[in-house]
Structure formats: structure tokens, C-alpha cells
Amino acid sequence: MIDINLIREDPERVRENIRKKFQHHKLPLVDEALELDARRRALQQEGDARRADRNRLAKEIGSLMKAGKREEAEEAKVRSKENNDRIAEIERESGEAEARLKTVMASIPNIIADDVPIGKDDSQNVQGEVFLEAAKKPFEVPYHLDILESLGGIDLDSARRTSGNGFYYLTGDIARLHSAVLTYARDFMIDKGFTYCIPPFMIRSDVVSGVMSFEEMEGMMYKIEGEDLYLIGTSEHSMIGRFMGQTLREGELPLTLTSYSPCFRKEKGSHGLEERGIYRIHQFEKQEMIVICKPEESDYWYEKMWRYTVELFVSMEIPVRQLICCSGDLADLKYKSCDVEAWSPRQQKYFEVGSCSNLTDAQARRLGIRYKNEKTGKNEFAHTLNNTVVAPPRMLIAFLENHLREDGSVYIPPVLRKYMGGKEKIEPKK
RNA sequence: GCAGAGAUGGCGGAGUGGUCGAACGCGCACGACUCGAAAUCGUGUUACGUAGGAAUACGUACGGGGGUUCGAAUCCCUCUCUCUGCGCCA
């Protein structure tokens, strides 16, 4: 959600931004927002004046009653009632205008960064930096599920019986590797100065509707029956929800947090679940990083954050690249975003393992996350950023494909060994 | 889960239908005093919205939502949370 003042002062800039994102159908929204804003303000002015009258009349009635002038008081009551009828009318009208304005403002995309490549959709995303050599294996790399099965690390049949498609049992060394990666990632982020946090895995509906749109909610969130609670789709939901409506002290910023949580997703609107595999599933675990900072620092943190993910993968000897999101592929709330992609030796291409976004003040404005600017003494909206540290099921695919050896064993890089009881490899099951 | 008590500014805490954005205290900011500080004294100090260049004015907000009333921090309904006791549980 952008600042309405920006539309008032420079509507052309907002329109240009919409064009850059190839959302031409949204261009009329700018004028609609201006109209609604003007109407809402006019209504507020009349409403305020009427309310001032109401307050004045109420006081008058009070003193008349005290003075025993009953008739005059009754007369004033009638006038006050008429006034109140008009107030109710204004409130209805301005409520409508307000609600529509909110919808319109929510659909107008955040202003994107100057250096975001212009492009229509994800096919026009741009490769950024590349880390480690994306090598070919001298043997054929099987599908990740086949590797998992050969290692005795997965049981999908049972999961389908107990929970349906989109769930898995991880077993033995693979389950251990899964936990090892999360634990290593947690320690990695703590070493970078982030504060570790385990958030609630369920949140109330008001928080859900704060952190996402209605469509997203329908497509992603599982609701708990009979309760006003939803399973989180990512810890970002409860981590950002934590600061809804809060005013932070400037000295507290930047808040650099890393959170662990299981993530639950319906995956309704997306490309669907894969029948074979663990690329897209209903339940997975994720280590996330969140930064809430002053506006002037968000560019700095964005760069730092995606590089942390890269550094983590490189330390596990997995080749990755940065893929810069083009304007058309950027969600409306985002100022700038990039994916970290891992190399798949089987497919001979990169695939997404994490996503880093700078939302500037768009999310903070929507959720009322402010901080007190010590210099100006004013409360201003903070900037929020989020990034995946690592989401193990998906990273496991990259891990297995890259570290598989010709003899069927899987190499464990040194950084993970202390979390794996010193093991240097996982052997195939006989 | 049941019963009772409660939720007021950055904090503590008054206030049970009008004169309450809210006493008083703490904190904080500025000033005086001081070589400097402490103490003391004085002044100021909620947020959001609208109008205005600004000073300021008006409106809204006393956990959230709804209601009664000319008028609600105060009365009613409802939700959430906290505390105490009982129950239950890892």
C-alpha cells in the first residue's frame, strides 16, 4: 500500500509505475483513488463540523438541565437529534468511500526500485551473480525421489494413507539431515547477529487478513475448525504480525530476526502439487529472516540478506545464482525482490530455493508498523524485508542432486557434519 | 473448561452519565540554579485524521466490535487478553 499523498502529489509517477509493471488495467484506479480521497475528505470535514455541533449541543443541554430549563433543553434535544441523523448519513457515505478507497489503494502496486529490470513476467527475470561452478555430473542423476528412496529416507505411501497427497514421512539419516540443515541455518544466522525466534504456528484471522490479501488467504491458509485460528503459511506471517499496530523506538531498529516454523499451505492457486516428489507440498519447515529497519537502511539490508542465503548454500557446497525479479513478476507490495536459485545437475538448470524482498513501507503502512524518528519527533513507517534462509525439503533436492556420488552415496559437507554425528556421507540402503 | 476480579497516556494510578484527553505521581524534554552534576524550582510532554505556510482549530480514540443516550472512560451486549481460585494437561 503506497502513501495516498504520493497519488495526490505525483499521480503520473504512480501511473508510470503501473505501466512498468504491465498492469495497464489498473491505470483508472489512480483517478478513482483521487476522487474517493477528495470525497472522503469533504465528508470528513462536514462530519467533523457536525460532530463539533453535537458536542456543543450536548454541553448546552447539560447546563440547561442543571439550570432547570427543561423546555429549552428538550428543544435542543430535537435539534441535536436532527444533527445526529445527518451524522449517521455522512458516516455511512464516508464508510463506503473509505472501504472502496482501501480496496483501490491495496490494488495500486508499490513503487518499484529504479534498478528493477522491466519485464512482463517471470520469463523476463534477469540472472544476477553466480556462485560456484554449475557442473555436470559424469553419471546420470536420478529424480530426487528416487535418490531419497535409494537412501531409505522417505515414505510417501504411508503419508498418503495418513494425510493424503502432499505430505511425507522423512526417515533415518534423511530426517536427520533435514534437521541438521535447519539447525545449521539457525546457528549461521545467529552468528550473523540475528535473533532467533520461534513464533506461534497459528494466528488469528485479523492478523491473516493483515498480512495477505483475501485471494492469497483462500489459496494458502488452513483454518482450524471452530476456532478463529489459521495455520501459518510461513513464519513471516506471525513474525510480521507481531509488530502490527506497534510503534517501535528508533533505538530498537534494525530488528534482525531469524525464525523457525513449519509452514502449511493449501497450494490451491499455484501450479499444483507434484505427484512424485517433495518440491511443492502441504507441509514443510523453513528458517526465515526478517528485518524491520529505518527507511534509509532497507537497501543495505536487502543486499545483505540475499547474500546470507547465498553464503549459506555455498558453505554447503551447493552452486547457486541470484535471479532478479523483473517488474512484471514483482508482487504488488514489493519494491524489489530476487530469488536465490540452486543448481539442479539433473535438470541442468537452476530452481528456486529462496526469495528475498524489500517491501519498503508498503507492508508497514498496511499493518501500522511505525517507529519514532528521534530527529523529527514524528512517527514514521518502518521498512520491512523478508528472506528465506533455507526451506529444507526444497533445499534437500538441491543437496541430494549435487552431493550424490556415482556409488549412490551422498556426500555431507564439513559444515553439517557436527549436526550429523560426524558422518561424512549417507550410504544407500541395501 | 468453570467461577470471580480486571484492561485508562512511555510507566504507575485516579475517575461510575455532562464541565474528562483524562487528577496525582514517575519518566522524558527544555529552562533556571551550578565550575559541572545531583537535588530543587519553573515550563512543556498521547496518537491518528482533516484544514492551514505556520501558530492553531476541529474531529476521533480510555483493550476490540456493537448498542442505549441529546451526551459514554463511566450503563448494556459481545469478543479478546490478564490476574486469582478450581479443574485438566506436556
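A, B, ... follow the sequence lines: proteins, then strands. Residue 1 opens every chain. Since the structure is predicted, the reported quantities are computational estimates derived from the model, not experimental observations.
Taking the C1' atom of each, B:rG71 and B:rC81 are spaced 30 Å apart, rounded to whole Å. Look at the P atom in both B:rA54 and B:rG49: the space between them is 14 Å, to the nearest Å. The separation of B:rC76 from B:rU68, taken at their P atoms, amounts to 15 Å, rounded to a whole angstrom. Comparing the C1' positions of B:rG4 and B:rG9 gives an interatomic distance of 29 Å, to the nearest angstrom. For the P atoms, the distance linking B:rC75 with B:rU16 amounts to 9 Å, nearest Å. Rounded to whole Å, the separation between the P atoms of B:rA23 and B:rC11 comes to 15 Å. Taking the C1' atom of each, B:rC89 and B:rA5 are spaced 25 Å apart, rounded to whole Å. The P atoms of B:rG15 and B:rA3 are separated by 28 Å, rounded to the nearest whole Å.
Using a 3.5 Å distance cut-off with no hydrogens or angles, the side chains of A:Thr234 and A:Lys286 do pair a donor with an acceptor. No donor-acceptor contact under 3.5 angstrom links the side chains of A:Asn83 and A:Ser80, judged on distance only. In this model, no donor atom of one side chain and acceptor atom of the other lie less than 3.5 Å apart for A:Asn358 and A:Ser337. No hydrogens or angles considered: a donor-acceptor pair under 3.5 Å links the side chains of A:Tyr419 and A:Asp187.
Not one side-chain nitrogen or oxygen of A:Asn55 sits closer than 4.0 Å to the OP1 or OP2 atom of B:rC58. Between A:Arg41 and the phosphate of B:rG49, there is no side-chain N or O to OP1/OP2 separation shorter than 4.0 Å. For A:Arg204 and B:rC81, the shortest distance from a side-chain N or O to OP1 or OP2 is below 4.0 Å. The phosphate of B:rU50 (OP1 or OP2) has a side-chain N or O of A:Arg40 nearer than 4.0 angstrom. Applying the 4.0 Å criterion to OP1 and OP2 of B:rU60, one finds that A:Arg54 has a side-chain N or O inside that range. Dashed line: the shortest gap from a side-chain N or O of A:Lys372 to OP1 or OP2 of B:rA47 is under 4.0 Å.
Spacing between atom CD of A:Glu46 and atom P of B:rC58 amounts to 18 Å, rounded to whole angstrom units. In this structure, the CZ atom of A:Phe381 is 12 Å from the C1' atom of B:rA47, given to the nearest Å. One atom, CG of A:Asn5, and another, P of B:rC48, lie 14 Å apart when rounded to the nearest Å. Per the geometry, CG belonging to A:Asp228 stands 18 Å off P belonging to B:rU78, to the nearest Å. Computed from coordinates, the A:Asp85 CG to B:rC70 C1' distance equals 12 Å when rounded to whole Å. If you measure from atom CZ of A:Arg365 to atom P of B:rC48, you get 13 Å, rounded to the nearest angstrom. The separation between A:Leu229 atom CG and B:rU80 atom P is 10 Å, rounded to whole Å. Rounded to whole angstrom, the span from the CZ atom of A:Arg370 across to the C1' atom of B:rA47 amounts to 8 Å.
Using a 4.0 Å heavy-atom distance criterion, A:Ala76 is classed as making no nucleic acid contact. Nucleic acid contact for A:Arg8: sugar-phosphate only, since backbone atoms but no base atoms lie under 4.0 Å from a heavy atom of the residue. The residue A:Asn83 sits apart from the nucleic acid: no heavy atom pair falls under 4.0 Å. When heavy atoms are screened at a 4.0 angstrom cut-off, A:Gln45 is found touching the sugar-phosphate backbone but no base atom.
For A:Lys81, taking side-chain heavy atoms from C-beta onward, the closest of the listed nucleotides B:rC48, B:rG59, B:rC70 is B:rC70. Of all nucleotides listed (B:rG49, B:rC70, B:rU60), B:rC70 comes nearest to the side chain of A:Asn84. Taking the side chain of A:Asn379 as heavy atoms from C-beta on, and the options B:rG49, B:rU50, B:rA47, the nearest nucleotide is B:rA47.
In this structure, A:Tyr260 and A:Phe201 have perpendicular ring planes: the angle between them is above 60°, well past the 30° mark. A tilted orientation is assigned to the rings of A:His282 and A:Phe167, their planes being inclined by 30° to 60°.
The nucleotide B:rC24 finds its pairing partner in B:rG12, both defining distances of the Watson-Crick or G-U wobble pair being shorter than 3.5 Å. With both pairing distances under 3.5 Å, B:rG17 is matched to nothing as a Watson-Crick or G-U wobble pair. B:rC2 and B:rG85 make up a base pair, with Watson-Crick or G-U wobble contacts both under 3.5 Å. Searching all strands for a Watson-Crick or G-U wobble partner of B:rA61 with both distances below 3.5 Å returns B:rU46. Shown here, B:rA38 forms no base pair; nothing in the strands shown gives a Watson-Crick or G-U wobble contact with both key distances under 3.5 Å. Base pairing of B:rA73: no nucleotide in any strand meets the Watson-Crick or G-U wobble criterion (both distances under 3.5 Å). The pairing partner recorded for B:rU68 is none, the criterion being a Watson-Crick or G-U wobble arrangement whose two distances lie under 3.5 angstrom. With a cut-off of 3.5 Å on both Watson-Crick or G-U wobble distances, the partner of B:rU56 is given as B:rA51.
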Between the protein and nucleotides 18-21 of chain B, which nitrogen or oxygen pairs are less than 3.5 angstrom apart?
{"unit_1": "B:rG18", "atom_1": "N2", "unit_2": "A:Ala58", "atom_2": "O", "d": "2.6"}
{"unit_1": "B:rU19", "atom_1": "O4", "unit_2": "A:Lys66", "atom_2": "NZ", "d": "2.7"}

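Each of A:Leu156, A:Thr171, A:Ile278, A:Ile397 was checked for a side-chain contact (heavy atoms from CB on, under 4.5 Å) with A:Leu148, and the lone residue meeting it is A:Ile278. When each of A:Glu380, A:Glu250, A:Gln246 is paired with A:Tyr371, the side-chain hydrogen bond (donor to acceptor under 3.5 Å, both in side chains) condition holds for A:Glu380 and for no other.
Take the nearest nucleotide of RNA chain B for A:Ala52 and for A:Glu380: the residue whose nucleotide is more 5' is A:Glu380. Between A:Arg51 and A:Lys77, it is A:Arg51 whose nearest contact on RNA chain B lies nearer the 5' terminus.
Comment: A:Arg86 engages A:Glu46 in a salt bridge, judged by a side-chain N to carboxylate O separation of less than 4.0 angstrom.
A cation-pi arrangement is found for A:Arg394 relative to A:Tyr279, the charged atom lying closer than 6.0 Å to the ring centre and inside a 45° cone about the ring normal. Taking the centre and axis of the six-membered ring of A:Phe188, the NZ or CZ atom of A:Lys192 falls inside the cone set by 45° and 6.0 Å.
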